[in-house]
Student: 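Pasting in a structure now, in structure tokens, and then I'll have a few things to ask.
The figures that follow rest on heavy atoms only: side chains count, while hydrogens, waters and symmetry mates do not.
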Amino acid sequence: QAQLVESGGGSVQAGDSLTLSCTDSGGTFSNYYMGWFRQAPGKEREFVASVNWSGGITEYADSVKGRFFISRDNAKNTMWLQMNSLEPDDTAVYYCAAGRKSDIISTSTGGYEHWGQGTQVTVSS
């Protein structure tokens, strides 16, 4: 199964950029569609972005479209979330998630079977 570890979170100013990474040591990285989710205190975990197994198809939440970019390198078992023009509303714990062995990607938590530990992103005005 997938074993996911996120890194790259931190505290930044509004308008800054930050890149998160997720590494999978489970040995089947290239077979999974992958996604990023985030959760703010008192809120449900929400979809941010997803990418299919090859990296050629992506989906984004409306709230981050045009600002965030998801990518993956299967040779490195790594996925990234490049976050630009960060806003205070982007403050949350960001989670890496691995989906299923399928060409159909999911934008809901139910479509993912494995999760990382989360990394905190804090954006100040």
Student: Calculate, to the nearest 0.5 Å, the distance between atoms CD1 and OG belonging to Ile70 and Ser50 respectively.
Tutor: 6.0 Å
Student: Is any side-chain heavy atom of Met79 closer than 4.5 Å to one of Thr23?
Tutor: no
Student: Looking at CD of Gln3 and CG of Asp24, how far apart are the two atoms once the value is rounded to the nearest 0.5 Å?
Tutor: 7.5 Å
Student: Between the side chain of Asn52 and the main-chain N/O of Tyr33, is any donor-acceptor distance below 3.5 Å?
Tutor: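 Looks like no, no N/O pair under 3.5 Å.
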Student: What are the two closest heavy atoms between Ala14 and Ser125, and how far apart are they?
Tutor: CB-CA, 4.2 Å
Student: So which heavy atom on Arg72 is nearest to which on Ser54, and how close?
Tutor: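 Taking every non-hydrogen atom into account, CD-C, 4.4 Å.
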Student: Which atom pair, heavy atoms only, marks the closest approach of Val121 to Gly9?
Tutor: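 Nearest heavy atoms, Val121 then Gly9: CG2-CA, 4.2 Å.
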Student: How far does CG of Leu81 sit from CZ of Arg38, to the nearest 0.5 angstrom?
Tutor: 9.0 Å
Student: Where do Tyr112 and Ala97 come nearest, in terms of heavy atoms and distance?
Tutor: CD2-CB, 3.6 Å
Student: When rounded to the nearest 0.5 angstrom, what is the spacing between CD in Glu87 and CG in Asp16?
Tutor: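 The distance works out to 12.5 Å.
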Student: What distance separates Ser71 OG from Gln82 CD, expressed to the nearest 0.5 Å?
Tutor: 7.5 Å
Student: Ser102 vs Tyr32, test: side-chain contact (heavy atoms from CB on, under 4.5 Å). Steps then yes/no.
Tutor: CA-CA 7 Å; Ser102 173; Tyr32 293 88; over 6 Å; no
Student: For the residue pair Ser85 and Arg67, what are the closest heavy atoms and their distance?
Tutor: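 Answer, listing the atom of Ser85 first, then Arg67: O-NH1, 3.0 Å.
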Student: Applying the 4.5 Å side-chain criterion to the ILVMFWY set and letting contacts propagate, would Val93 and Phe37 be lumped into a single cluster?
Tutor: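 Per the 4.5 Å side-chain linkage, Val93 and Phe37 are co-clustered.
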Student: With a 3.5 Å distance limit and no angle check, can you tell me whether Asn74 reaches the backbone of Asn77 through a side-chain donor-acceptor pair?
Tutor: no
Student: Do you know the tightest heavy-atom contact between Thr107 and Phe47?
Tutor: O-CB, 3.1 Å
Student: Side-chain contact test, heavy atoms from C-beta onward, threshold under 4.5 Å: evaluate it for Ile105 versus Glu59 and give yes or no.
Tutor: yes
Student: Pick one: which of Val123, Thr119, Leu86 meets side-chain contact (heavy atoms from CB on, under 4.5 Å) with Leu18?
Tutor: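 That would be Leu86.
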Student: In sequence, state the C-alpha distance, the side-chain angles, and the governing distance for Thr91 and Thr122, and then conclude on side chain to side chain donor-acceptor pair (under 3.5 Å).
Tutor: CA-CA 5 Å; Thr91 296; Thr122 302; 5.3 Å; no
Student: Looking at Asn84 and Ser17, would you say the former's side chain and the latter's main chain have a donor-acceptor pair under 3.5 Å?
Tutor: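 Such a contact is absent between Asn84 side chain and Ser17 backbone.
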Student: Ignoring hydrogens and geometry, is there a side-chain-to-backbone donor-acceptor pair from Glu6 to Cys96 under 3.5 Å?
Tutor: yes
Student: Short question: side chain of Tyr94, backbone of Gly8 - any donor-acceptor pair under 3.5 Å?
Tutor: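 No; judged by distance alone, with no hydrogens or angles, the pair does not exist.
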Student: How many angstroms lie between CD in Gln117 and OH in Tyr95, if you round to the nearest 0.5 Å?
Tutor: 9.0 Å
Student: Please list all pairs passing the ring-ring contact (aromatic ring centres under 6.0 Å, His included) test where one or both residues lie in residues 63-82, with sequence neighbours left out.
Tutor: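 Residue pairs with at least one partner in residues 63-82: there are none.
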Student: Think Arg45 forms a cation-pi with Trp115, using NZ or CZ under 6.0 Å from the six-ring centre and within 45 degrees of its axis?
Tutor: yes
